[in-house]
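Take a look at the structure below.
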Number of protein chains: 2
Amino acid sequence: MSQPPTQKNRANLRDVAREAGVSVATVSRVLNSPALVQEATRKRVQQTIEELGFVRSAAARAINSGRTQILGALVPTLDNDIFAITLNAMENRLVELGFSLVVATTDEDPEKETRKAKELLDNGVEGLVLTGKSHTDALYQMLERRYVPAVVISCFDTEYRLPTIGYDNHKAAALAYQHLTSCGHEDVVIIHGPTEYNDRTQARLDAIAELQGGQIRRAVETELSVTGGAQAVRNLLDQGSDCDALLCLSDVMAFGALNELNRAGKSVPENLSVMGIQDLPAAAETYPRLTTVHLPVQQMGMQAAEGIADWVVHQERPRPIEVQSTLVKRETVANRW
Amino acid sequence: MSQPPTQKNRANLRDVAREAGVSVATVSRVLNSPALVQEATRKRVQQTIEELGFVRSAAARAINSGRTQILGALVPTLDNDIFAITLNAMENRLVELGFSLVVATTDEDPEKETRKAKELLDNGVEGLVLTGKSHTDALYQMLERRYVPAVVISCFDTEYRLPTIGYDNHKAAALAYQHLTSCGHEDVVIIHGPTEYNDRTQARLDAIAELQGGQIRRAVETELSVTGGAQAVRNLLDQGSDCDALLCLSDVMAFGALNELNRAGKSVPENLSVMGIQDLPAAAETYPRLTTVHLPVQQMGMQAAEGIADWVVHQERPRPIEVQSTLVKRETVANRW
DNA sequence: GACTATTATGTAACTAGTTACATGAAAATG
DNA sequence: CATTTTCATGTAACTAGTTACATAATAGTC
């Protein structure tokens, strides 16, 4: 039977010291600054560590250093690609910087986010990466009271109370919409995800409203997913409503939209144009290839990782960082002039 | 200037005790078993905790309980949907069970996985969820030496040295291939991702090899992504090679394949059939809708969460759990009889 | 009113490391 | 050869909690 020495009979520093016939300080030195220990002693201690299968307790280290080396990220969901690429980049960079990343999902619900943030902080997370600007006062207070570094991704706003590291959603949407109008599209239907607590979608809508004279002319709200995009188009077609172009405020919805238009026998961009925002890798492979606005989410993930790590280590609040969105012209927008 | 009291001047248990005029034991009781403390005292202590903004140190708690409440998941990547849904489900269930989830990516590289596993364990993770069966001996030894609970997802094998919680890749691929043959498809091209260190892809290929008399007849290896699927089809078309059906061993490649076939003007399933494996949500919305094998990855995520949490808490190794794959007939497979 | 039971609280010893300071011995300097 | 410096190591006091045990103060019983 395998003994179940979960934590109990695991060797600790004192065991190693006793077994090797040295003091705890010496063992600690072998682990942390081996140069200070004579070679013979060091060898002996190292061998004892091997023999006893000794592993330093992370908790005990943390208690002394006040550092857990763990950061947390709160994202709305992992269920689609929108945040996955950012997280992937963030995780990779953080590991290089010596941190682990705890991921928690919020379902775009500020209350849930607050609860999860509390759990993460209670579990020893040293800093947080939040998504967007919609958070509860309780969360802000918690961060301030505990002096927890926290940065915000997926948006850019120098005035915001936390450092933002991301793209300007307003600009990105304007870029997309203006491309459509510059190609002669008059009647554009905006397909967007839920706006409740989603300031990024709201900012994109606001930008378009501005360009349409203060009021969005035609918009349909749907689920922020491939399925949502498909459903929106299905409804539009069922109602027999016509338009020049579809602007999906996120690529995933554009993917669904394109599929559904193909199914309905509508030619894109001959019958109508379609645009997305984000430029996921798959956007280059849709049929037809999706014209979209590129959001450098990978770069954002890396910068966020560096920003939060720096803040935690050097107690220096990072400046907001804007990553630039750019228009990617492919095949789903026609020139109507 | 905001004081930078990162860790230092943060109030601790002793500060609260002194300020409230009670002993440290009483404060600890207020936090852990408030019923044992008289109401007046409890109120006073709670108020002092509020005033001083006292927050329990996770590290100090962990040192006593030997429990960090943190689990780790090692997945090949977050860059596409394949693992995102599983992780999402896992994270949600783990939070319910009182754990946090640290996510690390391995790029399907056992050495990198071993390094990351070590980092996670050194950072205090109590248990691991691994993906697939390709791991280094060093990793196995590390897990055994440290008595770290670890379960494996995305496969099912009762003989494996760690408990597997997942689907049987062999069965899933057989299910897909047999559907194609039962519909009269003779000449099937298998499109699959890299097999190096990817035992799941290998198991799927093995199943098909068996059904084809020991040797895969036609296969093309590509990147495990939408882009990869599209490229594979592009190459196939460029070479002018014909076939009855395309079996993509993962939905994401099927998405790319369908797009590319649409682009080439090939009718699916009239010209050729296409199948995927996984049944991502988007599979129901492709054009045409993708026939695939459903892998209940959400259920797998939940079960894995429960299995590893149980093992960590009750020191009881879970039994392997198989989640069943099922055929989902949609529109991309024609009957050739 | 004395004796026991119950309840609330405190003391101090744990958990597993790190580290300032002290000590002793060997090496370098005058 | 004595003195100072350097190096290796040990002692014990920290980090921030938890908890077994002791004690004091009520409450309940005979």
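Within every chain, numbering begins at 1; the chains are lettered A, B, ... in the order of the sequence lines, protein sequences first and strands thereafter. This is a predicted model, so every value here is computed, not measured.
Nearest to the side chain of B/Ala25, among D/dT18, D/dA20, C/dT18, sits D/dA20. Among the nucleotides D/dT18, C/dT9, D/dT9, the one closest to any side-chain atom of B/Thr41 is C/dT9.
Atom P of nucleotide D/dA8 and atom CZ of A/Arg44 are separated by 14 Å, given to the nearest angstrom. Between B/Arg18 atom CZ and C/dG10 atom C1' the separation is 16 Å, expressed in whole Å. Here the P atom of nucleotide C/dT19 and the CG atom of A/Leu31 are 12 Å apart, to the nearest Å. A straight line from CG of B/Leu13 to C1' of D/dG17 spans 6 Å, rounded to a whole angstrom. For B/Leu36 and C/dT6, the CG to P distance is 15 Å, given to the nearest whole Å. The CD1-P distance, from B/Ile63 to D/dT19, rounds to 13 Å in whole Å. Atom CG of B/Asn12 is separated from atom C1' of D/dC14 by 12 Å (rounded to the nearest Å). In this structure, B/Glu39 atom CD and D/dT26 atom P are separated by 18 Å, rounded to whole Å.
Exactly one residue among A/Gln69, A/Arg93, A/Glu91 makes a side chain to side chain contact (heavy atoms under 4.5 Å, CB included) with A/Phe99. That residue is A/Gln69.
In this structure, A/Arg42 does not reach the D/dA8 phosphate: none of its side-chain N or O atoms is under 4.0 Å from OP1 or OP2. Checking the phosphate oxygens (OP1, OP2) of C/dT9, a side-chain nitrogen or oxygen of B/Gln38 falls inside 4.0 Å. Here B/Thr26 reaches the OP1 or OP2 of C/dG10: one of its side-chain N or O atoms lies under 4.0 Å away. Put simply, A/Ser57 has no side-chain N or O that comes within less than 4.0 Å of OP1 or OP2 on C/dA16. Look at A/Asn64 and you won't find any side-chain N or O under 4.0 angstrom from OP1 or OP2 of C/dT18. Under 4.0 angstrom from either OP1 or OP2 of C/dT18 there lies at least one side-chain N or O belonging to A/Arg61. For D/dT18, the OP1/OP2 oxygens have a side-chain nitrogen or oxygen of B/Ser28 closer than 4.0 Å. For the pair A/Asn32 and C/dT18, the criterion of a side-chain N or O lying under 4.0 Å from OP1 or OP2 is met.
Residues B/Thr48 and B/Glu19 have side chains that never bring a donor and an acceptor to within less than 3.5 angstrom of each other. Looking at A/Asn12 and A/Arg56, their side chains never bring a donor and an acceptor atom within 3.5 Å of each other. A/Asp157 and A/Thr164 share no donor-acceptor pair across their side chains, judged by distance under 3.5 Å alone.
Among the protein residues, B/Val24 comes within range of the nucleic acid bases, having at least one heavy atom under 4.0 Å from a base atom. A/Val45 comes within contact range of no nucleotide atom at all, as no heavy-atom separation falls under 4.0 Å. Among the protein residues, B/Arg14 comes within range of the nucleic acid bases, having at least one heavy atom under 4.0 Å from a base atom.
With a 4.5 Å cut-off on side-chain heavy atoms, B/Leu130 and B/Ile153 do not count as touching.
Each of B/Arg29 and A/Phe54 lies near DNA chain C, and the nucleotide nearest B/Arg29 is the one positioned closer to the 5' end.
Taking the ring axis of B/Phe54 as reference, the NZ or CZ atom of B/Arg10 does not stay both within 45° of it and closer than 6.0 Å to the ring centre.
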